[in-house]
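Heads up, the thing below is written out as structure tokens.
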Number of protein chains: 2
Amino acid sequence: MTDIDQTGNTPRSAVPTLRAGKSSPTIYDIAELAGVNPSTVSRALSKPGRVSAKTAQKIMDAAEQLNYQVNVFARALPTGRTQTIGLIVSDITNPAFFDVIRGAESAASARDYTLMLAESAESADLELTAARRMLATVDGLILASPRLSDEEIASLAAKKPVVVINRNVDGVPSVIADADAGVSDAVRHLADMGHTEISYVAGPERSWMSARRWESIKARCDWHGIMAAVVASSQPTVDGGRRAAATVRAGTATAVICYNDLMAIGLMRELQAAGLEIPNDLSIMGFDNIFGSDFTTPPLSTIKSPLGELGAAALQHVLAALDHADAAPTLPALPTELVLRGSTGRVKGS
Amino acid sequence: MTDIDQTGNTPRSAVPTLRAGKSSPTIYDIAELAGVNPSTVSRALSKPGRVSAKTAQKIMDAAEQLNYQVNVFARALPTGRTQTIGLIVSDITNPAFFDVIRGAESAASARDYTLMLAESAESADLELTAARRMLATVDGLILASPRLSDEEIASLAAKKPVVVINRNVDGVPSVIADADAGVSDAVRHLADMGHTEISYVAGPERSWMSARRWESIKARCDWHGIMAAVVASSQPTVDGGRRAAATVRAGTATAVICYNDLMAIGLMRELQAAGLEIPNDLSIMGFDNIFGSDFTTPPLSTIKSPLGELGAAALQHVLAALDHADAAPTLPALPTELVLRGSTGRVKGS
DNA sequence: CCCACTTTGTCAACCGGTTGCCAAATATTG
DNA sequence: CAATATTTGGCAACCGGTTGACAAAGTGGG
């Protein structure tokens, strides 16, 4: 009662006999129909070249006729392989991950792998649970900005190939957005606009990426002779940005770079609510160029991360590790890029 | 070389013998250690009450000691069950799905199911591929605002439990946000503000939900004696909203309700760019209350959908269908709610 | 034409669980 | 205490593929 013709062709009237009570055909059904041994069917289907073209064709025809689909569990049982890669993002709600997901997904499809997605809602515990669960059913795992400890990540990586995005963990391959390129342009732009003192609203204390971004900013500011200081924050979210507003106002910097766009948006809105004009009274810049960063008034200037490329590169690296377990080539850092919009401008009165 | 102590306790010095060359313990290892038959182990682990408390305890201890984890494939092979539910969203990039995902995910965790997420990037083809792939490894499937045809959905539903979110497909259970409640308040609000003519910028032509929203708006407008007309659109995205701007300007309506927030944002930004003042020159309202809908200036007034509840309800319904294959209770429609912000206001000169 | 070598297909064991059936052990009852 | 009812555990078959070992068939060279 279940046989729906999936091709849209005229429905074949009768599907050749299946074993009674069985809902889906197996290689045994194909073997019988094609007059060969089941193992030959298995080889024809998964070991190209192992059987003669003639029998292979017979088997393909039979498979087609029965509308055969491999049972992934049966295949996974002896091989352990599922053609699936897991991706865990720390927060599905953070638009920064959109493109990471898209990038990984399309890289996966291109190689006939399926992407399995999970999120940890910013909780290290949930993340560990999700990672463990996934690891059981997946050939490899990508962790995007994980909240896990280095040890936990290493322990996962000991079991199956793991690639980390935007974080550096000893012994675990990672793909990283190189802040320098974008920061260099951004700081030069601010310098051109007459700024001589800027603040960096940092991300989470334990965030490796936040530290890197600050390093990069500090280095460029020194080069330009600009004063730079860090403002600590609570969370890398819109709310976190809002809460940093008081500290920012108390300071004397004329430009602020935030750890990410979410914070920049929160900061901007809070300051605007308090009567400041952006960018006249203060220039604000974010990181990542997320969805919605141009919704604000003024639209946000930001340092764009190669999010899609990061996702794709991570996936490709997992696949490479799967192919030749030895090779672990260092990955090129992917460059960031300045996106100038309306939230940065000339220092007042200059 | 792989045995990482996962508990954080002092590492046990020696893990009891495993069969040579095996990486992870099986029920056979447990059986040996506990001095019982493998089938007893299987029962102790998955059929509570089937074995005596005493042996169950012995087995649990042995399992703990070996750090046992079931092999999901081996379990799935005979049973066909994976404790996994799939969720396919039409566009991971659409913030409206955030809460749907979160809602479904937490409902799944609560029942010890894992959620498997995929997206179709707004393509019916990709969606079908993703759905087919998922169906093979998943106990049930949730389709959020699917792009598939009714027939395709029905054909998927013929194989495993499927629940559709925000769409009505004959014979397939669905959970739906009831526009009426929110629309009723919204139209009353607009009437109070002096509006006598409003436009509805529609979603995709084939969108069931868009039609329902329009019906609801039309009915309420009639009730209030307000003129209402539909403006067709291209896509339910920010860009789609932008492209509707010209048509909207050409009309005489003083308030516009858009199919979703994304469109409302696009429309608003485009009109602002053209010099209109919102809400003075025109009131704009969206649907859903997505992330970012309060980033705009003015922040968007919108009719909030119970997105999280939708996701959770869908998941629970799939689980219910799995439990008692017969029961298919009709699901209560979940109410929407008006969220008033700055993009709607009094008609100019009134 | 024979022999060595390669290709192709078969057999059977295995992956790690689940489950129907049965017998042994234990509990209940008159 | 015997007879019956109920638990409890073991045996073995099964889920649907994969794969090493081997034999049959095919190929080519001398």
Side-chain angles (χ1 to χ4, degrees), chain A residues 18-60 62-63 66-84 135-137 139 159-160, chain B residues 17-60 62-63 66-84 135-137 139 160:
Chain A
L18 290 188
R19 288 191 318 305
K22 295 306 331 308
S23 58
S24 44
T26 70
I27 57 169
Y28 297 92
D29 300 314
I30 298 181
E32 196 173 341
L33 188 60
V36 298
N37 187 283
S39 57
T40 305
V41 175
S42 172
R43 293 208 171 89
L45 260 30
S46 51
K47 293 263 161 33
R50 180 59 174 74
V51 304
S52 71
K54 198 154 39 72
T55 32
Q57 190 54 52
K58 260 196 320 203
I59 289 170
M60 287 316 196
L66 291 169
N67 193 1
Y68 172 78
Q69 303 218 153
V70 287
N71 178 322
V72 285
F73 308 121
R75 174 172 284 175
L77 190 45
T79 61
R81 292 297 218 82
T82 59
Q83 294 280 112
T84 300
L135 217 57
T137 60
D139 294 345
K159 308 192 175 161
K160 297 201 176 158
Chain B
T17 46
L18 289 189
R19 287 192 318 304
K22 297 302 336 311
S23 57
S24 45
T26 71
I27 56 168
Y28 297 92
D29 299 315
I30 298 180
E32 196 173 341
L33 189 59
V36 299
N37 188 284
S39 60
T40 305
V41 175
S42 173
R43 291 202 175 94
L45 260 30
S46 51
K47 293 260 159 39
R50 180 59 173 75
V51 304
S52 70
K54 198 152 42 71
T55 32
Q57 191 53 52
K58 259 195 322 200
I59 289 170
M60 287 316 195
L66 290 170
N67 192 1
Y68 171 78
Q69 303 218 151
V70 286
N71 178 323
V72 285
F73 307 120
R75 173 172 285 174
L77 191 45
T79 62
R81 292 297 218 84
T82 59
Q83 293 280 111
T84 300
L135 216 58
T137 59
D139 293 344
K160 296 202 176 156

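Computation of the quantities below employed the complete heavy-atom set of this structure, encompassing side-chain atoms and omitting hydrogens, waters and symmetry-equivalent molecules. This is a predicted model, so every value here is computed, not measured. Letters A, B, ... mirror the listed sequences (proteins, then strands); counts begin at 1.
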In whole Å, what is the span from the [atom1] atom of [X] to the [atom2] atom of [N]?
| X | N | atom1 | atom2 | result |
| --- | --- | --- | --- | --- |
| B/I30 | C/dG16 | CD1 | C1' | 11 Å |
| A/F73 | D/dT18 | CZ | C1' | 17 Å |
| A/N37 | D/dA24 | CG | C1' | 14 Å |
| A/I27 | D/dG16 | CD1 | C1' | 6 Å |
| B/K47 | C/dT19 | NZ | C1' | 7 Å |
| A/R50 | D/dG20 | CZ | C1' | 10 Å |
| B/K58 | D/dT8 | NZ | C1' | 12 Å |
| A/D29 | D/dC15 | CG | C1' | 13 Å |

Heavy-atom nearest nucleotide on DNA chain C for B/N71 versus B/R43: which residue maps closer to 5'?
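Upstream on the strand: B/N71.
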
Between B/L77 and B/T40, just flag the one whose closest nucleotide in DNA chain C comes earlier from the 5' side.
B/L77

Of all residues at least two apart in sequence or in a different chain, which pass the salt bridge (Lys or Arg N to Asp or Glu O under 4.0 Å) check with B/R81?
B/D139

For A/V41, answer base if it contacts any base atom (sugar-phosphate contacts may also be present), sugar-phosphate if it contacts only those atoms, and nothing otherwise; contact means non-hydrogen atoms under 4.0 Å.
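Contact class for A/V41: none.
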
With a 4.0 Å cut-off on heavy atoms, is B/T79 in touch with a base, just the backbone sugar-phosphate, or nothing at all?
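Sugar-phosphate contact only - B/T79 comes under 4.0 Å of backbone atoms but never of a base.
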
Between the base of C/dC11 and the side chain of A/S39, is there a donor and acceptor pair under 3.5 angstrom?
yes

Look at [X] and [N] and indicate whether a side-chain polar atom (N or O) is within less than 4.0 Å of OP1 or OP2.
| X | N | value |
| --- | --- | --- |
| A/S46 | D/dT18 | yes |
| A/S52 | C/dT7 | no |
| A/Y68 | D/dG16 | no |

Has the side chain of A/T82 got a donor or acceptor atom that lies under 3.5 Å from a matching backbone atom of A/A76?
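Checked: no pair found.
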
Taking side chain to side chain donor-acceptor pair (under 3.5 Å) as the definition, give me every residue that meets it alongside B/S52, ordered by chain and number, with sequence neighbours left out.
B/T55

On DNA chain D, compare the nucleotides closest to B/G49 and B/P78; which residue's is nearer the 5' end?
B/G49

State, to 0.1 Å, how close B/T137 and A/F73 come at their nearest heavy-atom pair, and which atoms those are.
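Heavy-atom minimum between the residues: CA-CZ, 3.7 Å.
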
Listed nucleotide nearest any side-chain atom of [X], set [options]:
| X | options | value |
| --- | --- | --- |
| A/V51 | C/dG9, D/dT19, C/dT18 | C/dG9 |
| B/A74 | C/dG16, C/dT18, D/dG9 | C/dG16 |
| B/Y28 | D/dT18, C/dG16, D/dT8 | C/dG16 |

For A/I30 and A/L33: C-alpha separation, side-chain torsions, deciding distance, then whether side chain to side chain contact (heavy atoms under 4.5 Å, CB included) applies.
CA-CA 5 Å; A/I30 298 181; A/L33 188 60; 5.7 Å; no

